[in-house]
Structure formats: structure tokens, C-alpha cells
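Computed from a predicted model, the values in this text were never measured in an experiment. Heavy atoms only: backbone and side chains are in, while hydrogens, waters and symmetry mates are out.
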Amino acid sequence: MAEIVHDFFPLMRVYKDGRIERLAGEVFVPPESHPETGVQIKDVHIDPQINLSARLYLPKNVDPVQKIPLFVYFHGGGFVIESAFSPIYHKYLSLVAIEAKVAIVSVNYRLAPEYPLPIAYEDSWLALKWVTSHANGDGREPWLKDNADFNCVYLGGDSAGGNIAHHIGIRFGLEKLEGVKIDGIFLACPFFWGKDPIDGEGENLLAKDFVKDLVLSGNPNSTGLDKDPIDDEGENLGAKDLFEKLWLFVNPNSSGLDDPLINPEKDTKLSGLGCDKVLVYVAGKDPLRFRGFSYKEALEKSGWPGTVEVVEVKDKGHVFHLFVPQAEEAMAMLKKLASFLNQS
């Protein structure tokens, strides 16, 4: 049996011979429009030379005279798995398009370790520049040119995608893009961390409990894991250790867990976040939830002039809303998001 040199179960494994085994997020679904809901779906190439692409969603009965909000979304997966074309995101973003009546661009950025950070951030920024090139009736994509309100743009993402959405918001605040206004950012269980534990985290958060919860959430009929997912680190590996290992794996040139890219509290540019409001969702059984509350405090202390709200969903695990999107708690979250995207 090949020797494992990096084990990030249930996301991926890397073997000594260089082979990369992704354990999830490898299934793609075609961009088929939904006959019952009327949501139109298609894929577009943003930059074929670097394989940067996106999946677009457009709700039914859009009046081209009445522009609709535009939601630019970044998928999660620890920067190492998933895509804009997976069944999880295809299903969830179709529901968002229906409920919120917004146009959606789901960005398919390149993944680590083949493309380590900051490539995912750079891809995502290029995608936003491509999107905004359609402002004022310009650009080649008619769904955006004819339907999107570029004075009502939102960013969003879950887990690692939430991290990306935040940093694209920071960059937008610094560099701006002509003809575009980002009204708000939606973060679901964002992947933030830090060197020092914050109130509530404690040292008893076990990585195996975090990944077991992910497996059970993703497979409701499962009885659990067939084996301990943590290879040679033992059963007592903390979530902090897992997150640190993953972060340094996807961003080998990082300074560590107080890098502003993973710890927004350490970002001297935080007050420049380029939007008016932020909605953060955290899950009560997610070790990352305390960072969601800490993010709110950091934003408010930074002098950023906007408003931020954190909603905690009790007794649910990391990105629970993606695995069972039509469950009661997930639907309540969807309605809250739809309201957020239509507040302009």
C-alpha cells in the first residue's frame, strides 16, 4: 500500500509517489436548466488559458428592463476539493436563484496543491473583473449584460469560499472596479483561524469529531467512519492542528496562522472592506463558529463603517445547509439570504 504523506480525510490524501487522491467533490453535473423551476443554467469560460470558468444561473421570467441583483459565489472545500460544477453547489445555487430572484456567477477557481494559494484568490479576483467588465452594457455575456444590476452586487461563499469572498471584498475596497458597487457579503461557516485560541475554542476540540460530523452530514444514512481518519497523529489531534496543517499545505509560503489571509483580526486593511453589510452564518457544532463571532468583533473594532450580523444555527455541523438544503434550518437560512440579497 502506498505511503500517505498528507492525510486530510475526508477531503483528500497525498501519497509519497506524488499521487493526489481527492475523496470528495469530484462529481460534475452538466449545466442543465431546471424544467420545473425555470432556472436557466450555463457554463462560461473566463480565461481558457488558465482554465478559469464559472457556472451562471438566471431565474425565470426576468424582465430585461428591471435589472436584478448579482450574486458572485465562491465554493468551499478547504481550497483542495469541490468545484462550481458539483451537484452540491448546482442544487444549492439553483435554490438561491429561485428564492432570491438573483443572477448568480459561481466561480470555478483552481485548487491546491497543484495550484497553491494565492492562486485561488487571484483567480477569484480575475473572475470578479470579468463579471464587472459587463457593467454599463459592455462585455460578451448577455445574461450579465442584459439582466444584472451592477449597483447591486453581492459576494458570498462557504468555508474556504467564505474566506475568499472576504478577501475579494478587501481587495475591492482597495482597488475598486469602475461601474460596480458591492452592497454586501455573505459568509457561511467561513474558514478563519488564528495562532492563539479565542474564547470558547478550548483545547478539547478534536479533529476526528470535526471530520466525523462532516461525513455524517454529507451521508445521512452513514453509520460513521470505517477507520480513524487521522493517520499517524493519533486520536488526540486537535482541530487547530488539523486546520494549521491544511493551511500550510494549501499556502506553503504563509507566515502561519496569524497570516491575515487566515486570520482577519491581523489584517491592517480590515477597515477598508468594500461593502456596506455582511451576513455571517455559523453552525453550533462547527469548531470554526467562534471565528465567525470574532470576525464580527474585529470588523466593528476596525472602524469599518458597515453593519455585520452573525446568525448561529444550533446543533448543526459545518456547512450543514449544503448537504440537506431543503431541511427546515437550511430553508430558514435560504430565506434569510434571499432577504439579504434584496435589501438594496
Side-chain angles (χ1 to χ4, degrees), residues 46-47 50 52 54 69-75 79 105 107 109-110 112 115-136 138-139 144 148-187 190-194 247 250-251 253-280 291-292 294-309 340-341 344:
I46 295 174
D47 188 339
I50 60 172
L52 178 59
L70 176 61
F71 189 32
V72 182
Y73 195 86
F74 307 98
H75 68 80
F79 301 102
V105 176
V107 178
Y109 55 86
R110 289 173 289 174
Y115 302 98
L117 295 180
I119 287 177
Y121 298 120
E122 294 300 324
D123 283 359
S124 299
W125 180 249
L126 286 174
L128 182 63
K129 290 179 70 175
W130 174 81
V131 167
T132 59
S133 71
H134 295 81
N136 303 314
D138 298 326
L144 299 180
D149 182 351
F150 288 94
N151 287 311
C152 188
V153 177
Y154 290 82
L155 307 178
D158 63 277
S159 195
N163 177 298
I164 292 173
H166 162 75
H167 286 293
I168 296 302
I170 291 288
R171 187 163 179 178
F172 181 84
L174 292 172
E175 301 183 23
K176 305 296 182 185
L177 292 171
E178 187 176 352
V180 177
K181 182 179 186 297
I182 294 181
D183 271 345
I185 299 177
F186 167 69
L187 308 179
F191 182 24
F192 299 136
W193 204 249
W247 176 249
V250 301
N251 192 1
N253 294 321
S254 172
S255 59
L257 290 186
D258 279 342
D259 185 331
L261 291 175
I262 190 67
N263 188 353
E265 292 185 42
K266 303 298 183 181
D267 192 349
T268 58
K269 303 182 293 293
L270 187 59
S271 64
L273 184 67
C275 67
D276 297 330
K277 53 185 177 287
V278 176
L279 174 62
V280 183
R291 295 289 164 172
S294 177
Y295 174 74
K296 177 181 186 293
E297 294 176 6
L299 267 180
E300 291 173 338
K301 291 178 180 178
S302 73
W304 174 67
T307 58
V308 54
E309 178 184 4
F340 179 74
L341 297 175
S344 298

Nearest 0.5 Å, please: how far is CD in Glu178 from CG in Asn136? 7.0 Å
Report the C-alpha distance between Ile50 and Leu126 in whole Å, list the side-chain angles of each, state the deciding distance to 0.1 Å, and finish with yes or no for side-chain contact (heavy atoms from CB on, under 4.5 Å). CA-CA 11 Å; Ile50 60 172; Leu126 286 174; 4.0 Å; yes
At their closest point, which heavy atom of Gly179 faces which heavy atom of Ala135, and how far apart are they? O-CB, 3.6 Å
Looking at CZ of Phe74 and CG of Leu187, how far apart are the two atoms once the value is rounded to the nearest 0.5 Å? 11.0 Å
State, to 0.1 Å, how close Gly194 and Asn263 come at their nearest heavy-atom pair, and which atoms those are. CA-ND2, 3.7 Å
In Thr132, Leu155, Ile185, Val180, the residue satisfying side chain to side chain contact (heavy atoms under 4.5 Å, CB included) with Phe172 is Val180
Looking at every heavy atom in both Gly292 and Val280, which two are closest together, and how far apart are they? CA-CG1, 4.3 Å
Let's go through Val72 and Val107 carefully: what are the C-alpha distance in whole Å and the side-chain angles of both, what is the deciding distance for side-chain contact (heavy atoms from CB on, under 4.5 Å) to 0.1 Å, and is it a yes or a no? CA-CA 7 Å; Val72 182; Val107 178; 4.0 Å; yes
Minimum heavy-atom distance between Arg110 and Ala120, given as atom pair plus value: O-CB, 3.9 Å
Would the distance check show the side chain of Ser294 and the main-chain N or O of Arg291 forming a donor-acceptor pair, the cut-off being under 3.5 Å? no
Salt-bridge contact Arg171-Glu122 (side-chain N to carboxylate O under 4.0 Å): yes
Closest heavy-atom contact between Trp247 and Phe79? CZ3-CE1, 4.0 Å
Is Tyr121 close to Leu261 at the side-chain level, that is, under 4.5 Å between some pair of heavy atoms? yes
Shortest non-hydrogen contact from Ser271 toward Gly303: CB-C, 4.2 Å
Heavy-atom side-chain proximity of Ile182 to Ile168 below 4.5 angstrom: no
For Lys181 and Asp276, what are the C-alpha separation, side-chain angles and deciding distance, and is it a side-chain contact (heavy atoms from CB on, under 4.5 Å)? CA-CA 10 Å; Lys181 182 179 186 297; Asp276 297 330; 2.6 Å; yes
Side-chain contact test, heavy atoms from C-beta onward, threshold under 4.5 Å: evaluate it for Leu273 versus Val278 and give yes or no. yes
Measuring from Asn251:CG to Leu117:CG, what's the distance to the nearest 0.5 Å? 4.5 Å
I'd like to know if the side chain of Tyr154 and the backbone of Phe340 have a donor-acceptor N/O pair within less than 3.5 Å. yes
Examine distances only and state if a side-chain atom of Trp304 and a backbone atom of Ala298 form a donor-acceptor pair shorter than 3.5 Å. no
According to the interplanar angle, ranging from 0 to 90°, do the rings of Tyr109 and His75 count as parallel (below 30°), tilted (30 to 60°) or perpendicular (above 60°)? parallel
Can you measure from CG (Asp183) to NZ (Lys277) and round to the nearest 0.5 angstrom? 4.5 Å
For Ser254 and Gly256, indicate whether the former's side chain and the latter's backbone hold a donor-acceptor pair under 3.5 Å. yes
So Leu270 and Ile170, do their side chains get closer than 4.5 Å, heavy atoms only? yes
Out of curiosity, Ile262 CD1 to Asn163 CG, how far, rounded to the nearest 0.5 Å? 5.5 Å
Evaluate the criterion side-chain contact (heavy atoms from CB on, under 4.5 Å) for residue pair Lys129 and Leu177; output intermediate values, then yes/no. CA-CA 7 Å; Lys129 290 179 70 175; Leu177 292 171; 3.9 Å; yes
Using 0.5 Å steps for rounding, measure from the CZ atom of Phe192 to the NE2 atom of His166. 5.0 Å
